[in-house]
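Okay, so here's the structure we're looking at.
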Amino acid sequence: MTARRRLLQVFASVSALAACSLALLLSGVGVAAASGPSTSVTIQTMDSCQRALGSAQYVLTDGAGANITATTPVHPAQTVASGTCALQQGNCATLTTGCAQFLAVPYPGTYTFLETVTPPANTSNPEGYAPCNGGSACRSEKGTVTIDAAGVVKATVLNVYPDNTSVTYPIASRHSGLTSYAGTPADPIVTHNFGLAPPGYNGASQCDGDSDADDHSTGSPSSHCRYLPESSEASACQPYPWSCTSTTTSSTTSSGSTTTGSSTTTTTTTTSSSTSTSTSTTTSTTSTGSACTTQTTQTFTGSSGATSSTSEFIHPTAAGPFTATVSWNPPTAVDLIVYTSSLSVVGQTSGSSGSMSLTLNLPLDSSYKVKVKKNGSQSIGFTMWVTHC
């Protein structure tokens with residue numbers, strides 16, 4: 001009887017558990033369905049030749065509202081390899097400069113990405129970088145990533161030159177005969193940034209000699225450097241043709257942040273908030289605000305003497321494309337910070353070379369505060385240019 005009673009008790013317990021589980025499932029509180037497979041996709045930022053660049057940011061989207069943001073770590077430019085410019089083959093297997101990963105990318109699926117924050121200015125490129133290649137008036141650069149059911153990544157990057165001709169990277173003849181990137185550390189997706197400088201900087205030749213958007217070159221002009229038609233250049237996005245498209249993305253809020261090695265990747269959703277990372281000195285908030293048809297540039301000069309002193313300027317409402325550039329002397333560690341009227345940081349970058357830029361797409365607000373903050377004990381004098389709607 002004892003054995004039979006125990007068997008009945010076990011049967012009753014199992015039956016009760018099954019009934020409870022069934023009730024939970026019917027009420028919609030059961031175990032969540034397993035998420036689909038995902039993978040990581042590696043990207044590397046390079047200049048127009050052979051060097052990798054740090055402090056760039058990208059947003060990967062699938063067209064369904066989900067965004068994944070990747071930010072490359074802060075690091076001086078580093079030569080990746082020798083070869084014909086623009087170098088097609090990256091290297092994130094033995095280098096970290098310019099490298100970042102989009103983490104937990106679901107597959108199968110097709111995605112696109114844009115560069116939303118460019119590397120900061122330096123002594124060779126005092127106006128910073130364009131998020132595309134072929135000249136300062138290049139129009140756009142957009143990546144396409146396809147991941148099949150087996151998790152195999154194939155990616156290409158479409159670059160549109162100032163004269164509206166285009167090239168798709170990788171160029172097979174410079175990439176072991178391959179026509180796509182694998183998105184792995186050994187074969188990262190490569191993007192190219194064109195260095196910017198004032199017309200005639202250090203003797204650099206202008207593209208067409210009229211000192212407008214396509215003349216901000218740091219070297220010998222390419223055969224595609226001229227914006228065409230010339231009559232439309234003034235009506236393109238200002239101050240550069242890429243100013244609007246490179247920074248217009250969905251507003252995002254962080255739903256999870258993962259650090260891998262020396263790069264940081266943040267998965268985001270489509271609600272509005274600011275996003276920042278801990279391993280990069282460049283942070284930003286983006287907005288879907290419409291691009292403005294005209295922009296204005298304000299110029300400020302100032303100085304900073306005491307260690308704790310800062311210099312601040314407040315400019316009017318400036319929703320949309322925004323660029324702040326500062327140059328100072330002598331070179332020392334400086335922060336360039338942009339705040340909303342409620343003193344929330346929407347963008348920040350740091351440098352010590354004597355010049356740098358910060359490009360953002362600002363949400364609507366009553367005013368913005370732009371701060372030049374000196375971190376060292378050495379007194380500096382500076383000039384700042386703020387371009388906004």
Side-chain angles (χ1 to χ4, degrees), residues 36-46 48 52-53 56-72 86-92 98-118 129-134 138-161 164-194 224 241-242 244-250 252 263 265-268 270 286 288 361:
S38 63
T39 189
S40 61
V41 178
T42 304
I43 189 169
Q44 187 170 31
T45 307
M46 289 194 197
S48 60
L53 305 171
Q57 186 178 86
Y58 299 87
V59 174
L60 182 80
T61 62
D62 64 354
N67 295 338
I68 301 175
T69 300
T71 303
T72 65
L87 194 66
Q88 302 294 298
Q89 177 69 60
N91 178 9
C92 291
C99 298
Q101 284 188 322
F102 298 110
L103 295 184
V105 183
Y107 65 82
T110 299
Y111 302 84
T112 60
F113 67 83
L114 286 175
E115 185 175 353
T116 56
V117 176
T118 54
Y129 289 87
C132 45
N133 199 23
C138 56
R139 302 186 183 220
S140 64
E141 189 174 69
K142 181 174 73 172
T144 300
V145 180
T146 300
I147 311 176
D148 66 18
V152 176
V153 175
K154 292 185 177 181
T156 58
V157 178
L158 176 65
N159 184 87
V160 183
Y161 291 126
N164 210 28
T165 60
S166 62
V167 60
T168 298
Y169 302 131
I171 298 172
S173 60
R174 304 182 198 171
H175 187 53
S176 304
L178 301 177
T179 57
S180 63
Y181 296 111
T184 62
D187 186 23
I189 304 168
V190 173
T191 68
H192 296 281
N193 282 214
F194 185 85
H224 299 288
W242 44 265
C244 298
T245 58
S246 66
T247 55
T248 304
T249 62
S250 297
T252 58
S263 63
T265 302
T266 304
T267 302
T268 60
T270 56
T286 55
T288 54
N361 197 53

query = Does Glu115 use its side chain to pair, donor to acceptor, with the backbone of Glu141 at less than 3.5 Å?
reply = no
Results of side-chain contact (heavy atoms from CB on, under 4.5 Å) for Thr179 - residues two or more places apart only = Ala172
query = Tyr111: what forms a ring-ring contact (aromatic ring centres under 6.0 Å, His included) with it, not counting sequence neighbours?
reply = none
query = Side chain of Gln89, backbone of Val190: donor and acceptor closer than 3.5 Å?
reply = no
query = Between the main-chain N or O of Pro131 and the side-chain N or O of Thr118, is there a donor-acceptor pair closer than 3.5 Å?
reply = no
query = Would you say Pro108 and Asp148 make side-chain contact, with heavy atoms under 4.5 Å?
reply = no
query = Would you call Phe113 and Val41 a side-chain contact if the rule is heavy atoms closer than 4.5 Å?
reply = no
inquiry  = Taking Val59's backbone N and O only, do any of them form a donor-acceptor pair with Asn67's side chain (distance below 3.5 Å, no angle check)?
reply    = no
Distance (rounded to the nearest 0.5 Å) between Leu87 CG and Arg174 CZ = 9.0 Å
task = Hey, could you give me the CE/CG distance between Met46 and Asn91, rounded to the nearest 0.5 Å?
result = 8.0 Å
request  = Can you sort out the partners of Ser38 under side-chain contact (heavy atoms from CB on, under 4.5 Å), two or more places apart, ordered by chain and number?
outcome  = Ala104
task = Quick one: list whatever passes side chain to side chain donor-acceptor pair (under 3.5 Å) with Asn159, sequence neighbours left out.
result = none
request  = State, yes or no, whether a side-chain contact exists between Ile43 and Thr191 at a heavy-atom distance under 4.5 Å.
outcome  = yes
query = Step by step, would you call Asn133 with Ser48 a side-chain contact (heavy atoms from CB on, under 4.5 Å)?
reply = CA-CA 6 Å; Asn133 199 23; Ser48 60; 3.0 Å; yes
remark   = Sorted by chain and residue number, the side-chain contact (heavy atoms from CB on, under 4.5 Å) partners of Ala52 (sequence neighbours excluded) come out as Gln44, Val80, Thr97
query = Is the backbone of Gln88 close enough, under 3.5 Å, to the side chain of Tyr181 for a donor and an acceptor to pair up by distance?
reply = yes
query = Would Leu103 and Ile68 count as a side-chain contact (heavy atoms from CB on, under 4.5 Å) if you check the C-alpha gap in whole Å, the side-chain angles of each, and the deciding distance to 0.1 Å?
reply = CA-CA 8 Å; Leu103 295 184; Ile68 301 175; 5.8 Å; no
ask   = OH of Tyr58 to CD1 of Ile189: how many Å apart, nearest 0.5 Å?
value = 10.0 Å
ask   = What's the spacing between Lys142 NZ and Leu158 CG if we round to 0.5 Å?
value = 7.5 Å
key: Atom pair CG/NE2 of Leu53 and His192 - distance to nearest 0.5 Å   = 10.5 Å
message = Before you tell me yes or no, could you show the steps for Tyr129 and Thr45 under side chain to side chain donor-acceptor pair (under 3.5 Å), namely the whole-Å CA-CA distance, both residues' side-chain angles and the distance that decides it to 0.1 Å?
response = CA-CA 11 Å; Tyr129 289 87; Thr45 307; over 6 Å; no
task = Could you list the residues that satisfy ring-ring contact (aromatic ring centres under 6.0 Å, His included) with Tyr161, not counting sequence neighbours?
result = His224
task = Kindly indicate whether the side chain of Asp187, heavy atoms from C-beta on, has any atom under 4.5 Å from the side chain of His175.
result = yes
key: Candidate pair Cys132 and Val160, rule side-chain contact (heavy atoms from CB on, under 4.5 Å), full reasoning   = CA-CA 8 Å; Cys132 45; Val160 183; over 6 Å; no
